[in-house]
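Worksheet: one structure, shown below.
Note that this is a predicted model, so its numbers are computed, not measured. Keep in mind that the numbers below use all heavy atoms, side chains included, and drop hydrogens, waters and symmetry copies. Position 1 is the first residue of the sequence; numbering continues from there.
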Amino acid sequence: MKYLGLEISKLRAELGISQKELAKDICTQSTISRIEAGDVYPAIDTLLKIALKLQVPVEYFIEMLFHKNVLESEGLINEIEYHLKEHNYKRVISIINSNEIDNDNIWLNLYLDYILSTAKYYLKMISPEKCIDNLKGILNYSNPTTIQFRFLQIKVNNTIANVYGEKGESQKCLYHFNKILKEHIHKNYSDYKINRTLITVLFNKCKTLYDIKDYDAALEAANQGIQKSKESSFMFLNGQFLYYKGQCLEKKAAPIAEIKEVYQQALFFFEFQELPFYIQAINQNKKQFLQ
């Protein structure tokens, strides 16, 4: 009950609605509060209405109730993600191989399979083709509801796109980026991890389009990334979006004044975020626009 309550609270926060708004036409606000606190379990008709308002299938919650050893799983996931940030893939594989959590936790096993294939790929233990086959298998043969849990399908598709990109297969890379963005970019998530992923996908799409010389589409992706960054107040790639926007404007022979303004804005973000590599790059490569 406590885990179900936490998940309802998380999804509600991602959509930016209050307990009162969620409760409207379903139950009282105090009931929602008790459900989110894990004090009571909602009746199935109440759970159905909550699911509809939170834009997830009711199976999302029902299946979640069968996930076992939740707290132990949470600790395992946090440990894995810590080492992923450090690119310590050998340690990640070691943790997964020594995992003793109940095999009945279907979602956790999908997550571990995804991480294991990704880590082995970056350690060159498996080929790009094998990594992609493994990841597509996770998407194609898992329960559609299960793979949605904690946005696992976004992470898997993003990794597939990145591997295709590293192989130089731009169109296949773009297909998977677009698949993610079509389904999720219009939604107003408050979860910073999901917003970070979506903005990163937009940037990777922009860069890929620029590399294949589709400057109109790259400019559109850059503008979309800038807008999404403003909407989510998550500006960590804003300078890079502006830099690519400036390059697209150059290729399209836009007015010099417009190009200058964009590069000056990019430099502002690079300096504000204290990114010496990008500061040096823009000062060296675009100095004619910064004078």
What pair of heavy atoms forms the shortest contact from [X] to [Y], and how long is it?
| X | Y | value |
| --- | --- | --- |
| Ile180 | Asn158 | CD1-N, 3.4 Å |
| Gly246 | Ile259 | O-CG2, 4.2 Å |
| Ile50 | Ile35 | CD1-CD1, 4.2 Å |
| Leu290 | Ile282 | CD1-O, 3.7 Å |
| Leu242 | Val262 | O-CG1, 3.0 Å |
| Leu174 | Lys205 | CD2-CG, 3.9 Å |

Checklist entry - Can you list the steps and then say if Ile212 with Gln171 is a side-chain contact (heavy atoms from CB on, under 4.5 Å)? => result CA-CA 9 Å; Ile212 63 174; Gln171 294 305 322; 3.7 Å; yes
Nearest 0.5 Å please: distance from the [atom1] atom of [X] over to the [atom2] atom of [Y].
| X | Y | atom1 | atom2 | value |
| --- | --- | --- | --- | --- |
| Ile160 | Tyr114 | CD1 | OH | 9.5 Å |
| Ile194 | Lys155 | CD1 | NZ | 6.0 Å |
| Ser170 | Asp211 | OG | CG | 7.0 Å |
| Asn99 | Ile96 | CG | CD1 | 8.5 Å |
| Asn178 | Asn157 | CG | CG | 11.0 Å |
| Asp216 | Leu209 | CG | CG | 10.5 Å |

Main-chain N/O of [Y] paired to [X] side chain as donor or acceptor, under 3.5 Å:
| X | Y | value |
| --- | --- | --- |
| Ser94 | Lys90 | no |
| Ser98 | Ile95 | yes |
| Thr31 | Cys27 | no |
| Ser9 | Gly5 | no |

Heavy-atom side-chain proximity of [X] to [Y] below 4.5 angstrom:
| X | Y | value |
| --- | --- | --- |
| Ser229 | Phe234 | no |
| Asp113 | Asn134 | no |
| Asn109 | Ile106 | no |
| Asn283 | Leu267 | yes |
| Gln19 | Lys24 | no |
| Ile185 | Val201 | no |
| Gln153 | His184 | yes |
| Leu6 | Glu36 | no |

Please say yes or no: joined through hydrophobic side-chain contacts below 4.5 Å, possibly via intermediate residues, are [X] and [Y] part of one cluster?
| X | Y | answer |
| --- | --- | --- |
| Leu123 | Leu84 | yes |
| Tyr41 | Leu54 | yes |
| Tyr141 | Leu139 | no |
| Tyr175 | Val156 | no |
| Tyr82 | Leu108 | no |

For [X], is the [atom1] atom crowded, meaning more than 12 foreign heavy atoms sit under 6.0 Å from it?
| X | atom1 | answer |
| --- | --- | --- |
| Lys53 | NZ | yes |
| Tyr122 | OH | yes |
| Glu274 | CD | no |
| Phe272 | CZ | no |

Checklist entry - Between Arg196 and Phe236, is NZ or CZ placed under 6.0 angstrom from the six-membered ring centre and within 45° of the ring axis? => result yes
Checklist entry - Which pairs with one or both residues in residues 167-186 pass salt bridge (Lys or Arg N to Asp or Glu O under 4.0 Å), sequence neighbours excluded? => result Glu129-Lys167, Lys167-Glu169, Glu169-Lys172
[X] and [Y]: side chain donor to acceptor below 3.5 Å:
| X | Y | value |
| --- | --- | --- |
| Glu231 | Gln227 | yes |
| Ser30 | Ser33 | no |
| Ser232 | Asn195 | no |

Next on the checklist: Ring centres under 6.0 Å, that's the criterion: do Tyr89 and Tyr121 meet it?
Outcome noted: no
Next on the checklist: Under 6.0 Å between ring centres: does that hold for Tyr243 and Phe241?
Outcome noted: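 Between Phe241 and Tyr243, which both carry aromatic rings, the centre distance is not below 6.0 Å.
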Item to check | Step-by-step side-chain contact (heavy atoms from CB on, under 4.5 Å) determination, Leu22 to Ile8 | outcome: CA-CA 10 Å; Leu22 178 57; Ile8 289 173; 4.1 Å; yes
Checklist entry - Glu21 and Arg12: salt bridge (charged side-chain N to carboxylate O under 4.0 Å, His left out), yes or no, with the steps? => result CA-CA 9 Å; Glu21 289 169 320; Arg12 176 178 60 76; over 6 Å; no
Item to check | side-chain contact (heavy atoms from CB on, under 4.5 Å) assessment of Glu250 paired with Lys286 | outcome: CA-CA 11 Å; Glu250 280 190 72; Lys286 307 298 177 185; 2.9 Å; yes
Item to check | Test log, rule salt bridge (charged side-chain N to carboxylate O under 4.0 Å, His left out), inputs Lys49 and Asp25 | outcome: CA-CA 9 Å; Lys49 292 175 183 177; Asp25 299 325; over 6 Å; no
Next on the checklist: One thing to verify: whether Glu86 and Arg91 come together as a salt bridge, which I'm taking to mean a side-chain N less than 4.0 angstrom from a carboxylate O.
Outcome noted: no
Next on the checklist: With side-chain hydrogen bond (donor to acceptor under 3.5 Å, both in side chains) as the criterion, how do Thr200 and Thr197 come out once you've worked through the C-alpha distance, each side chain's angles and the decisive distance to 0.1 Å?
Outcome noted: CA-CA 5 Å; Thr200 301; Thr197 299; over 6 Å; no
Next on the checklist: Just to verify, which of Phe269, Phe289, Phe268, Phe270 counts as forming a ring pair (Phe, Tyr, Trp, His ring centres under 6.0 Å) with Tyr263?
Outcome noted: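 Option passing the ring pair (Phe, Tyr, Trp, His ring centres under 6.0 Å) with Tyr263: Phe289.
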Next on the checklist: Set out, in order, the CA-CA distance, both residues' side-chain angles and the distance that settles side-chain contact (heavy atoms from CB on, under 4.5 Å) for Asn143 and Trp107, then state yes or no.
Outcome noted: CA-CA 9 Å; Asn143 182 293; Trp107 180 88; over 6 Å; no
